[in-house]
Amino acid sequence: MSVDRIRSVETGDGAGVESVPALSFSDVTFAYAAVDGATSAGAAATQTVLSHVSLDVPEGAFCLVVGDTGSGKTTALTLAVPAIAPVGELEGHVAVFGRDVDTLSVAEAASTVGYVFQDPEESLVCDTVWHEMAFGLENLGVPADVMRRRVAETSYFFGMGPWFDGDVASLSGGQRQVLALASVLAMRPRLLLLDEPTSMLDPIAEKSFLSALFRVNRELGITIVVATHRPAPMVDYATMAVGMHEGGVRPVDLDSLRGPGDRLSVHGSPRDGDADALMGVIGRKAESRPAGVRGRCSLSLSDVWFRYGREDPWVLKGLDLELPMGGTGALVGGNGCGKSTILSLVAGSLRPRRGRVDVASASSVAYLPQDPKALLVAADVVSELMEWSGRGGYGPGEVDAVLSSMGLAGMGERHPYDLSGGQRQLLALAKLLLMRPRLLLLDEPTKGLDLSARDQVADVVRSLSDEGVSVLVATHDLEFARATADQVSMVFDGEVACTEPPADFFADNLFYQA
Amino acid sequence: MAMPEHTAFDTSHPAVAVCYFAGVLAITMCSAHPVVAAVSLVGALAFSALSRGARATLSGLVWQVPMLVLVCLANPLFSASGSTLLWRWGPLAVYAESLAYGACMGAVLVATIVWFEDMARVVTQERAMSLLGGVAPTVTLMISMVSRLVPQLMRRAAVVRTAADATCVADGDGRPSRSRTRLTSVLLTWSLEDSLVRADSMRARGWGASSRRTSYRRHDFRTSDGMALAGIVVLAGVSAFLVWVACSQWRFYPTMPTLVAWWGYIPFAAFVALPSVLALVERASWRFA
């Protein structure tokens with residue numbers, strides 16, 4: 001089966017030497033149009049995001065665009081896709097393959113430039129895999145026979161056969177992102193833009209997604225531009241890199257991006273002072289609650305069996321787990337191994353079929369779901385934090401203190417959805433901490449966060465532990481587990497395979513390494 | 001959920017299956033004749049056992065049989081007519097004809113339900129959509145989006161509840177109405193936010209680029225499908241005519257004629273038994289290959 005070249009002769013890539021860059025920005029300056037209400041956050045009437053950006057990405061390149069959250073990476077990428085380009089004032093020219101993007105029709109643009117979004121949960125449209133694959137081609141009015149060939153070729157290329165007949169809902173996160181990539185590639189773009197494509201994936205899924213992307217680049221010759229704040233895993237695949245900082249762009253040496261860019265320090269970062277201030281607020285009140293006796297378990301699961309439905313297989317098979325009072329436990333393990341199920345059992349939303357779940361402080365548990373949006377209900381940050389003030393017995397003073405200690409000062413008026421992903425996670429965490437929980441359950445708290453937000457979450461978790469709050473965190477982020485936990489448990493085959501202090505745990509693992 | 005059993009409809013175009021079930025259902029629902037009802041019920045149950053499994057069929061009967069009995073016993077309450085008086089409680093007279101009519105209607109009702117269950121198993125949503133896809137691609141897409149988003153909404157609702165309950169359960173002043181308003185509000189904001197990204201994702205893939213959407217065709221309509229369809233239409237037509245003849249000669253009130261063996265029932269019986277027979281033949285071909 002030779003499907004090496006999905007991009008066929010139609011695009012005429014045998015034309016010899018091409019000096020036209022696949023993507024070029026010439027002296028691009030962009031400012032978002034003034035939005036009512038944005039001014040209240042202290043922003044200027046118009047917000048300049050890009051200033052005098054010039055960039056050429058040659059055809060066939062694998063280009064990394066690195067930079068912190070808010071440095072304009074996403075804006076720059078979307079400017080190359082007219083259908084989703086942001087509204088604002090644009091000076092200069094953005095061109096793909098020598099043509100100004102404004103002159104492309106919708107159909108031309110869609111089959112020249114492909115765009116893969118950060119979160120496949122949001123960007124996938126259809127319920128079944130085959131329909132998602134066909135979606136773009138149906139939009140373009142491609143005849144059924146051509147469509148079948150392209151869909152077939154693309155699914156062979158990505159080895160999607162085994163799950164081609166399935167529902168999108170039954171796919172793992174990694175498969176969903178591959179599907180998002182494949183559904184774009186079925187339209188045969190010559191340039192592929194990806195915005196943080198692996199930030200929602202676990203490390204193993206990330207590796208397989210990147211290798212798929214690498215094949216797309218090298219075997220199909222498709223130009224790839226990836227915006228990322230964590231370039232280390234992609235450096236080996238990339239051919240060039242540019243850095244974005246405060247709207248400017250400069251070339252970056254690939255080798256400088258190598259190395260452990262995502263190290264978290266075990267002993268805390270300079271931001272510690274803020275976290276201490278937070279504890280000043282939370283901790284003072286916590287004393288008024290009956291503190292558990294040190295050394296007792298804050299939670300214990302013994303011989304827990306659980307399955308979701310009568311016909312379903314067992315998810316947990318005689319699982320035992322203990323967490324000492326004030327300890328921080330991390331649950332690690334592959335997709336679908338039951339980490340989230342354990343959290344739901346501890347939270348009390350599920351009941352074990354057999355066995356016991358004992359939580360010492362069942363009356364003060366807080367649960368942070370994978371997506372913090374599940375906790376956010378109000379129209380601005382302050383009312384968000386005040387939602388449970390009656391139940392939690394706190395007031396505006398505590399809210400202000402928590403906001404500033406979390407680095408969210410001045411954001412009180414913003415809508416929670418206008419915050420960055422990291423800020424939103426901290427807001428959800430702040431909302432839970434105001435309830436002064438004795439046991440905090442965190443499900444993938446670093447998913448989709450950039451480095452500084454991840455650092456901040458780690459700081460908060462560490463200081464909670466100092467205050468005697470027990471924390472149970474389910475995570476794929478081994479680095480986070482190493483930096484915050486007192487004990488790491490690997491969940492496998494419905495059981496806890498081992499529970500060890502992080503130093504021993506990671507010393508003894510061959511490839512489960514942080 | 002267990003894997004669905006294979007049936008003869010697997011290998012044909014969805015239109016064939018839809019046409020077959022439409023025919024069976026129409027004849028069953030329009031008839032009021034004990035033999036027709038019995039034949040249809042037996043056929044529906046047989047195919048149900050073969051396609052959905054004996055266990056699923058029996059677990060359906062657990063509520064379907066009481067329903068049949070209920071309809072049968074309830075009928076004398078509403079129509080106290082007939083000629084054979086069985087017993088009388090005060091103003092309530094129970095006639096044999098009335099009971100028979102109730103039993104017949106109950107059988108038709110249960111048969112209809114079981115045929116629908118069979119059809120749901122054979123004509124999956126995906127097959128139904130591919131039937132629709134050629135005619136109304138946009139409607140098909142909408143159905144596809146809805147059937148992705150509704151379960152997603154349900155899953156999210158569970159997460160929102162878990163998070164709020166876990167954190168607030170201690171205070172014990174759970175007010176369901178309040179929490180339902182809250183749930184709706186959280187889900188609405190969340191979905192709206194999602195829909196912005198989804199809309200971008202759709203536009204970036206050429207949404208609205210062409211005035212006429214095409215449809216990814218998963219099933220070709222072949223000559224064999226045409227022949228199967230023609231056969232089904234002819235058999236359904238003949239059966240319908242003969243069933244109509246039978247029904248027009250039959251009455252429950254005031255007295256029921258005697259049922260006689262009549263060749264005219266055979267086409268309908270054959271029509272009803274067709275998928276079961278094909279399924280059995282297919283299974284036998286595996287066993288005796």
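Residue numbers start from 1 in every chain, and the chains themselves are labelled A, B, ... in the order their sequence lines are given, proteins ahead of strands.
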message: For residues 7-18 of chain B, which residue pairs pass the side chain to side chain donor-acceptor pair (under 3.5 Å) check, not counting sequence neighbours?
response: His6(B)-Asp10(B)
- request: Find the distance between OG (Ser111(A)) and CZ (Arg205(B)) and round it off to the nearest 0.5 Å.
  value: 14.0 Å
Residue-level interface, residues 187-195 of chain B with chain A, non-hydrogen cut-off under 4.5 Å: Thr189(B), Trp190(B), Glu193(B), Asp194(B)
query: Does atom CZ of Arg222(B) have more than 12 heavy-atom neighbours from other groups under 6.0 Å away?
result: no
For Thr162(B) against Ser349(A), the heavy-atom pair lying closest together: CG2-OG, 3.2 Å
message: Once rounded to the nearest 0.5 Å, what's the spacing between atom CG of Leu196(B) and atom CD of Glu122(A)?
response: 9.0 Å
- prompt: Under 4.0 Å between a Lys/Arg side-chain N and an Asp/Glu carboxylate O for Asp220(B) and Arg148(A)?
  reply: yes
Heavy-atom contact with chain B under 4.5 Å, split by part of Val377(A): both
- request: Only counting residues at least two apart or in another chain, list the ones meeting side chain to side chain donor-acceptor pair (under 3.5 Å) with Lys431(A).
  value: Glu384(A), Glu387(A)
query: In terms of heavy-atom proximity below 4.5 Å to chain B, should Phe117(A) be classed as side chain, backbone, both, or neither?
result: side chain
query: When only heavy atoms count and the cut-off is under 4.5 Å, which of residues 148-156 of chain B reach chain A?
result: Arg148(B), Gln152(B), Arg155(B), Arg156(B)
query: From Arg212(B) CZ over to Leu140(A) CG, what is the distance, rounded to the nearest 0.5 angstrom?
result: 14.5 Å
- prompt: Any idea how Phe164(A) and Tyr216(B) line up, ring-wise: parallel (<30°), tilted (30 to 60°), or perpendicular (>60°)?
  reply: perpendicular
field: Engaged part of Ala109(A) at the chain B interface, taking heavy atoms whose separation is under 4.5 Å
entry: neither
- request: Provide the closest heavy-atom pair for Gly206(B) versus Asn139(A) in the form atom of the first, atom of the second, distance.
  value: O-CB, 3.2 Å
task: Quick one: closest heavy-atom pair of Ala204(B) and Tyr115(A), and the distance?
output: CB-CB, 4.4 Å
Leu137(A) versus chain B, the contacting section by heavy-atom distance below 4.5 Å: backbone
message: Taking every non-hydrogen pair under 4.5 Å, which of Arg161(B), Met202(B), Met145(B) racks up the most with chain A?
response: Met202(B)
query: Between Ser215(B) and Glu138(A), does a side-chain contact (heavy atoms from CB on, under 4.5 Å) hold up when you go through it step by step?
result: CA-CA 6 Å; Ser215(B) 173; Glu138(A) 290 184 340; 4.1 Å; yes
query: Is the side chain of Thr214(B) donor-acceptor paired with the backbone N or O of Ala144(A) at a distance under 3.5 Å, no angle test?
result: no
query: Out of curiosity, Leu376(A) CG to Ser185(B) OG, how far, rounded to the nearest 0.5 Å?
result: 10.5 Å
query: Can you name the nearest heavy-atom pair linking Tyr367(A) to Ala163(B), along with the distance?
result: CD2-CA, 3.6 Å
message: In the structure I gave you, are the side-chain heavy atoms of Phe135(A) and Leu141(B) within less than 4.5 Å of one another anywhere?
response: yes
- request: Using non-hydrogen atoms and a 4.5 Å limit, figure out which bit of Val81(A) sits close to chain B: side chain, backbone, both or neither.
  value: side chain
task: Would you mind checking which part of Ser105(A) comes under 4.5 Å of any heavy atom in chain B, side chain (CB onward), backbone (N, CA, C, O), both or neither?
output: neither
task: Could you grab the distance from atom CD1 of Ile84(A) to atom OG of Ser201(B), nearest 0.5 Å is fine?
output: 8.5 Å
field: Residue selection (most heavy-atom pairs with chain A, distance under 4.5 Å) from Ser144(B), Ala199(B), Ala157(B), Pro137(B)
entry: Ser144(B)
task: Measure distances from Val151(A) to the heavy atoms of chain B and classify the residue's part below 4.5 Å as side chain, backbone, both or neither.
output: side chain
